Engineer: 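Pasting in a structure now, in C-alpha coordinates, and then I'll have a few things to ask.
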Amino acid sequence: WWRTKLLAGHVEQRVSWGDRVVAAAGFRADVRDVPAVVDNVYTCCDHDLVLHPHLRFEWSPTKALDVRAAYGTADQRIQGSALKPERTKELELGGRTRLAGGRATSDATFYARRLSGGIGGIPPAPFGGGFGNPMRVLNTGVELSLAGAVVRREQLAWDVVVSAWGNRNRVSRAPARGFL
(Lines give C-alpha, C1' and ligand atoms only; values in the text may rest on other atoms or scores of the structure.)
Protein backbone atom coordinates (compact mmCIF):
# COMPACT_ATOMS: atom_id res chain seq x y z
CA TRP A 1 0.00 0.00 0.00
CA TRP A 2 2.90 2.35 0.57
CA ARG A 3 5.62 3.24 -1.93
CA THR A 4 8.95 4.97 -1.47
CA LYS A 5 9.19 8.37 -3.11
CA LEU A 6 12.58 9.69 -4.17
CA LEU A 7 13.72 13.15 -5.15
CA ALA A 8 17.31 13.42 -6.37
CA GLY A 9 19.51 16.26 -7.50
CA HIS A 10 23.07 16.53 -8.79
CA VAL A 11 25.48 19.45 -8.42
CA GLU A 12 28.98 19.55 -9.90
CA GLN A 13 31.59 22.26 -10.24
CA ARG A 14 34.25 21.85 -12.92
CA VAL A 15 37.41 23.91 -13.16
CA SER A 16 39.71 23.76 -16.21
CA TRP A 17 43.18 25.14 -16.72
CA GLY A 18 43.67 25.37 -20.47
CA ASP A 19 43.22 22.02 -22.16
CA ARG A 20 45.61 20.23 -19.78
CA VAL A 21 43.89 20.02 -16.36
CA VAL A 22 40.28 19.42 -15.33
CA ALA A 23 39.13 19.11 -11.74
CA ALA A 24 35.54 18.42 -10.73
CA ALA A 25 33.80 18.04 -7.40
CA GLY A 26 30.17 17.55 -6.63
CA PHE A 27 27.51 15.52 -4.94
CA ARG A 28 24.22 13.82 -5.57
CA ALA A 29 21.52 14.45 -2.98
CA ASP A 30 18.71 11.93 -2.48
CA VAL A 31 15.65 12.71 -0.37
CA ARG A 32 13.43 9.71 0.30
CA ASP A 33 10.09 9.42 2.02
CA VAL A 34 10.50 6.32 4.14
CA PRO A 35 7.77 4.68 6.19
CA ALA A 36 7.89 5.35 9.90
CA VAL A 37 6.86 2.50 12.19
CA VAL A 38 4.79 3.52 15.21
CA ASP A 39 3.37 0.71 17.40
CA ASN A 40 4.07 -1.84 14.63
CA VAL A 41 2.02 0.20 12.14
CA TYR A 42 3.57 1.87 9.08
CA THR A 43 2.80 5.56 8.92
CA CYS A 44 3.97 8.09 6.39
CA CYS A 45 6.57 9.56 6.37
CA ASP A 46 10.07 10.19 7.64
CA HIS A 47 12.27 12.11 5.24
CA ASP A 48 15.75 10.74 4.68
CA LEU A 49 18.47 12.94 3.11
CA VAL A 50 21.60 11.21 1.81
CA LEU A 51 24.57 12.94 0.15
CA HIS A 52 26.92 11.12 -2.25
CA PRO A 53 30.10 13.14 -2.90
CA HIS A 54 32.41 12.62 -5.86
CA LEU A 55 35.74 14.03 -7.04
CA ARG A 56 37.47 13.75 -10.42
CA PHE A 57 40.85 14.94 -11.68
CA GLU A 58 42.21 14.71 -15.24
CA TRP A 59 45.67 15.83 -16.35
CA SER A 60 47.31 15.81 -19.78
CA PRO A 61 51.03 16.45 -19.19
CA THR A 62 51.71 15.92 -22.92
CA LYS A 63 49.60 15.57 -26.06
CA ALA A 64 50.26 11.82 -25.96
CA LEU A 65 49.39 11.12 -22.29
CA ASP A 66 46.27 11.56 -20.14
CA VAL A 67 46.11 10.67 -16.43
CA ARG A 68 42.88 10.49 -14.44
CA ALA A 69 41.65 9.81 -10.91
CA ALA A 70 38.11 9.66 -9.51
CA TYR A 71 36.44 8.93 -6.16
CA GLY A 72 32.75 8.63 -5.30
CA THR A 73 30.14 7.05 -3.07
CA ALA A 74 26.66 5.59 -3.48
CA ASP A 75 24.17 3.62 -1.42
CA GLN A 76 21.25 1.27 -1.86
CA ARG A 77 18.45 1.11 0.65
CA ILE A 78 16.08 -1.77 1.27
CA GLN A 79 12.49 -0.52 1.37
CA GLY A 80 10.69 -1.00 4.63
CA SER A 81 13.77 -2.39 6.35
CA ALA A 82 15.45 -1.36 9.58
CA LEU A 83 18.82 -2.31 8.07
CA LYS A 84 21.36 0.35 7.29
CA PRO A 85 21.85 1.01 3.58
CA GLU A 86 24.52 -0.79 1.59
CA ARG A 87 27.21 1.85 1.07
CA THR A 88 29.71 1.72 -1.81
CA LYS A 89 32.92 3.76 -2.07
CA GLU A 90 35.06 3.62 -5.20
CA LEU A 91 38.48 4.90 -6.24
CA GLU A 92 39.64 4.74 -9.85
CA LEU A 93 43.08 5.58 -11.28
CA GLY A 94 43.97 5.38 -14.94
CA GLY A 95 45.82 6.67 -17.93
CA ARG A 96 45.77 6.69 -21.72
CA THR A 97 48.64 7.05 -24.15
CA ARG A 98 48.41 7.88 -27.82
CA LEU A 99 50.99 6.11 -29.96
CA ALA A 100 52.07 6.22 -33.61
CA GLY A 101 50.79 9.72 -34.18
CA GLY A 102 47.37 8.93 -32.74
CA ARG A 103 46.79 5.77 -34.81
CA ALA A 104 47.03 3.63 -31.67
CA THR A 105 46.08 4.07 -28.01
CA SER A 106 46.74 2.14 -24.84
CA ASP A 107 44.53 2.48 -21.80
CA ALA A 108 45.01 1.21 -18.24
CA THR A 109 42.59 1.58 -15.33
CA PHE A 110 42.89 0.36 -11.73
CA TYR A 111 39.84 0.40 -9.47
CA ALA A 112 39.08 -0.41 -5.86
CA ARG A 113 35.50 -0.60 -4.63
CA ARG A 114 34.31 -1.27 -1.07
CA LEU A 115 30.76 -2.25 -0.22
CA SER A 116 29.81 -2.13 3.44
CA GLY A 117 26.49 -2.98 5.01
CA GLY A 118 25.76 -5.80 2.59
CA ILE A 119 23.33 -8.48 3.68
CA GLY A 120 23.91 -11.25 1.14
CA GLY A 121 25.34 -14.62 1.98
CA ILE A 122 26.49 -14.12 5.59
CA PRO A 123 24.06 -14.98 8.42
CA PRO A 124 24.17 -12.92 11.63
CA ALA A 125 26.43 -14.11 14.44
CA PRO A 126 24.68 -16.68 16.67
CA PHE A 127 25.69 -15.12 20.02
CA GLY A 128 25.37 -11.41 20.62
CA GLY A 129 25.73 -10.48 16.98
CA GLY A 130 22.07 -9.67 16.51
CA PHE A 131 20.76 -8.72 13.14
CA GLY A 132 22.36 -6.11 11.01
CA ASN A 133 24.49 -5.70 7.95
CA PRO A 134 27.66 -7.67 8.63
CA MET A 135 29.02 -8.14 5.12
CA ARG A 136 31.99 -6.21 3.71
CA VAL A 137 33.21 -6.72 0.15
CA LEU A 138 36.44 -5.31 -1.28
CA ASN A 139 36.53 -5.50 -5.06
CA THR A 140 39.77 -4.58 -6.87
CA GLY A 141 40.67 -4.88 -10.49
CA VAL A 142 42.53 -3.69 -13.52
CA GLU A 143 41.39 -3.10 -17.10
CA LEU A 144 43.87 -2.86 -19.98
CA SER A 145 43.30 -2.18 -23.67
CA LEU A 146 45.28 -1.55 -26.81
CA ALA A 147 43.55 -0.13 -29.88
CA GLY A 148 44.94 0.57 -33.30
CA ALA A 149 43.86 1.78 -36.70
CA VAL A 150 44.78 -0.95 -39.17
CA VAL A 151 43.29 0.79 -42.23
CA ARG A 152 42.31 4.46 -42.64
CA ARG A 153 40.99 5.40 -46.06
CA GLU A 154 38.33 7.80 -47.24
CA GLN A 155 35.70 5.05 -47.64
CA LEU A 156 37.09 2.43 -45.24
CA ALA A 157 38.23 2.32 -41.63
CA TRP A 158 39.30 -0.82 -39.76
CA ASP A 159 40.21 -0.64 -36.07
CA VAL A 160 41.36 -3.48 -33.83
CA VAL A 161 40.95 -3.47 -30.05
CA VAL A 162 42.51 -5.99 -27.66
CA SER A 163 41.49 -5.81 -24.02
CA ALA A 164 42.14 -7.74 -20.82
CA TRP A 165 40.94 -7.40 -17.27
CA GLY A 166 41.37 -8.95 -13.86
CA ASN A 167 39.15 -8.75 -10.81
CA ARG A 168 39.39 -9.88 -7.19
CA ASN A 169 36.59 -9.93 -4.62
CA ARG A 170 37.10 -10.49 -0.91
CA VAL A 171 34.14 -10.98 1.43
CA SER A 172 34.36 -10.71 5.21
CA ARG A 173 32.41 -9.78 8.32
CA ALA A 174 35.13 -7.46 9.52
CA PRO A 175 35.32 -3.93 8.15
CA ALA A 176 37.29 -3.84 4.91
CA ARG A 177 40.69 -2.28 5.40
CA GLY A 178 42.53 -0.07 2.95
CA PHE A 179 42.42 3.37 1.48
CA LEU A 180 38.67 3.46 0.81
Side-chain angles (χ1 to χ4, degrees), residues 1-60 66-96 107-124 130-143 145 163 165 167-180:
W1 68 271
W2 190 87
R3 294 180 184 230
T4 299
K5 295 176 187 169
L6 171 67
L7 175 64
H10 180 256
V11 174
E12 181 176 88
Q13 178 64 50
R14 292 178 66 161
V15 178
S16 299
W17 291 276
D19 58 354
R20 299 256 178 164
V21 177
V22 175
F27 64 90
R28 188 183 85 215
D30 295 342
V31 179
R32 292 179 179 89
D33 286 344
V34 293
V37 180
V38 177
D39 296 327
N40 292 326
V41 175
Y42 283 101
T43 61
C44 187
C45 293
D46 284 344
H47 301 289
D48 187 16
L49 171 65
V50 181
L51 298 177
H52 304 287
H54 64 270
L55 301 168
R56 188 179 72 233
F57 181 77
E58 300 170 10
W59 177 44
S60 298
D66 298 327
V67 178
R68 63 187 179 277
Y71 174 80
T73 67
D75 76 1
Q76 179 173 334
R77 298 183 179 250
I78 300 169
Q79 183 177 336
S81 172
L83 295 175
K84 293 180 181 178
E86 291 183 352
R87 167 83 74 198
T88 302
K89 297 178 182 181
E90 182 170 355
L91 175 67
E92 181 178 300
L93 305 170
R96 172 175 290 160
D107 202 322
T109 302
F110 166 79
Y111 61 90
R113 186 176 303 130
R114 184 181 83 181
L115 179 138
S116 59
I119 60 171
I122 298 177
F131 291 95
N133 307 41
M135 189 169 78
R136 308 288 189 264
V137 178
L138 182 60
N139 171 262
T140 56
V142 64
E143 300 169 356
S145 70
S163 60
W165 58 270
N167 188 33
R168 180 177 182 198
N169 291 307
R170 288 174 275 176
V171 179
S172 71
R173 280 184 197 244
R177 305 253 186 249
F179 52 88
L180 290 176

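Small disclaimer: the values here were computed from a predicted structure and weren't measured. All residue numbers refer to positions in the sequence shown, counting from 1.
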Engineer: Nearest 0.5 angstrom please: L138 CG to R113 CZ, how far?
Structural biologist: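 The CZ atom of R113 is 10.0 Å from CG of L138, to the nearest 0.5 Å.
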
Engineer: So, do V50 and R87 sit near enough that their side-chain heavy atoms are less than 4.5 Å apart?
Structural biologist: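 A side-chain contact exists here, since the closest heavy-atom pair is under 4.5 Å.
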
Engineer: Using side chain to side chain contact (heavy atoms under 4.5 Å, CB included) as the criterion, list what pairs up with V21, not counting sequence neighbours.
Structural biologist: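 Partners of V21 under the side chain to side chain contact (heavy atoms under 4.5 Å, CB included) test: W17, F57, W59.
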
Engineer: If you take all heavy atoms of A24 and E12, which pair is closest and at what distance?
Structural biologist: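 Minimum heavy-atom contact is CB-CD, 4.0 Å.
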
Engineer: Could you state the interatomic distance from OG1 (T73) to CZ (R28), rounded to the nearest 0.5 Å?
Structural biologist: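 That separation rounds to 8.0 Å.
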
Engineer: What is the distance from atom CG of N167 to atom CD of E143, rounded to the nearest 0.5 Å?
Structural biologist: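 Nearest 0.5 Å value for the CG-CD distance: 9.0 Å.
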
Engineer: Would you say that T109 contacts W165 through its side chain, given a criterion of any heavy-atom pair below 4.5 Å between the two side chains?
Structural biologist: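 Side-chain contact under 4.5 Å: no.
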
Engineer: Measuring from L93:CG to F110:CZ, what's the distance to the nearest 0.5 Å?
Structural biologist: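 These two atoms lie 7.0 Å from each other.
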
Engineer: Between D66 and R68, is a salt bridge (Lys or Arg N to Asp or Glu O under 4.0 Å) present by the stated rule, with each step listed?
Structural biologist: CA-CA 7 Å; D66 298 327; R68 63 187 179 277; over 6 Å; no

Engineer: Would you say R20's side chain and S60's backbone share a donor-acceptor pair under 3.5 angstrom?
Structural biologist: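 Yes, R20 side chain to S60 backbone: donor-acceptor pair under 3.5 Å.
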
Engineer: What residues form a ring-ring contact (aromatic ring centres under 6.0 Å, His included) with H54, not counting sequence neighbours?
Structural biologist: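 Only H10 meet the ring-ring contact (aromatic ring centres under 6.0 Å, His included) criterion with H54.
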
Engineer: Check whether any side-chain heavy atom of R170 lies under 4.5 Å from a side-chain heavy atom of T140, and answer yes or no.
Structural biologist: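 Heavy-atom side-chain distance check passes, below 4.5 Å.
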
